[in-house]
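I have placed the structure first, in the form of structure tokens, so that the comments after it can refer back to it.
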Amino acid sequence: MYKVEIKLKQILDDRKITQKELASLSGVREATISDIIRGTRTVINFNHLASIAEALEIENIEEIMVLTKLSD
């Protein structure tokens, strides 16, 4: 089994961008961004992820998400 981790909080902290600013830049609701950061969003809309990546000028999706294998 695998787990997908979205590294959005780290990216925002590194770039000193607030969730509100990212929402404005990406067109994704601030509540949605907050859910992604907290890990409470069980389904990720790929359009949202693409909009966030574009707003943050991320070309390699591996910069924003990590796939890790969980122990059996």
Side-chain angles (χ1 to χ4, degrees):
M1 180 180 265
Y2 290 88
K3 175 184 174 186
V4 175
E5 178 186 352
I6 307 295
K7 303 184 302 185
L8 194 52
K9 171 102 174 93
Q10 178 184 344
I11 293 168
L12 294 182
D13 288 348
D14 290 348
R15 297 182 184 198
K16 296 179 176 35
I17 297 174
T18 66
Q19 292 178 31
K20 186 173 190 163
E21 289 170 327
L22 179 57
S24 177
L25 291 170
S26 67
V28 176
R29 291 180 337 120
E30 188 176 350
T32 300
I33 292 169
S34 178
D35 288 347
I36 293 169
I37 287 173
R38 287 194 326 262
T40 58
R41 197 126 185 126
T42 56
V43 176
I44 300 292
N45 179 316
F46 288 114
N47 291 326
H48 289 166
L49 200 55
S51 295
I52 289 169
E54 185 175 344
L56 294 172
E57 298 180 356
I58 292 174
E59 294 181 9
N60 184 346
I61 199 65
E62 291 177 351
E63 291 181 47
I64 200 168
M65 62 190 308
V66 177
L67 181 67
T68 54
K69 185 171 183 175
L70 301 175
S71 58
D72 297 326

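Throughout, numbering of the chain's residues begins at 1 and tracks the sequence.
Put simply, CG on Leu8 and CD1 on Ile36 are 6.5 Å apart, with the number rounded to the nearest 0.5 Å. Here Ile52 contributes atom CD1 and Glu54 contributes atom CD; the two are 11.5 Å apart, rounded to the nearest 0.5 Å. Rounding to the nearest 0.5 angstrom, the gap separating the CD atom in Gln19 from the CD1 atom in Ile37 is 3.5 Å. The structure places CD1 of Ile17 at 6.0 Å from CG of Leu12, a figure rounded to the nearest 0.5 Å. Rounding to the nearest 0.5 angstrom, the gap separating the CG atom in Asp14 from the NZ atom in Lys9 is 10.0 Å. One distance of note links CD of Glu21 with NZ of Lys16; it measures 12.0 Å at 0.5 Å rounding.
Put simply, Ile58 and Val4 are part of the same group of oily side chains (I, L, V, M, F, W, Y) that touch within less than 4.5 Å, one to the next. Taken together through direct or relayed side-chain contacts under 4.5 Å among Ile, Leu, Val, Met, Phe, Trp and Tyr, Leu49 and Val66 form parts of separate hydrophobic clusters. Note on Ile61 and Ile33: same hydrophobic cluster, where clusters join Ile, Leu, Val, Met, Phe, Trp and Tyr whose side-chain heavy atoms are under 4.5 Å apart, directly or indirectly. Under a hydrophobic clustering in which Ile, Leu, Val, Met, Phe, Trp and Tyr are joined whenever their side-chain heavy atoms come within less than 4.5 Å, directly or via other members, Leu25 and Val28 fall into different clusters.
Considering every non-hydrogen atom in both Glu63 and Ile11, the closest pair reads O-CD1, 3.4 Å. Ser51 and Ser26 get closest at one heavy-atom pair: CB-O, 3.5 Å. Taking each heavy atom of Leu67 and Tyr2 in turn, the nearest pair found is CD1-CB, 3.6 Å.
Using modelled atom types, no side-chain atom of Ser34 and backbone atom of Glu30 make a donor-acceptor pair closer than 3.5 Å.
More than 12 non-hydrogen atoms from other residues, nucleotides or ligands lie less than 6.0 angstrom from CZ of Arg15. Annotation: Lys7, atom NZ; neighbour count of heavy atoms from other residues, nucleotides and ligands within 6.0 Å is above 12.
Residues Arg41 and Ile6 have side chains not in contact (no heavy-atom distance under 4.5 Å, counting atoms from C-beta outward).
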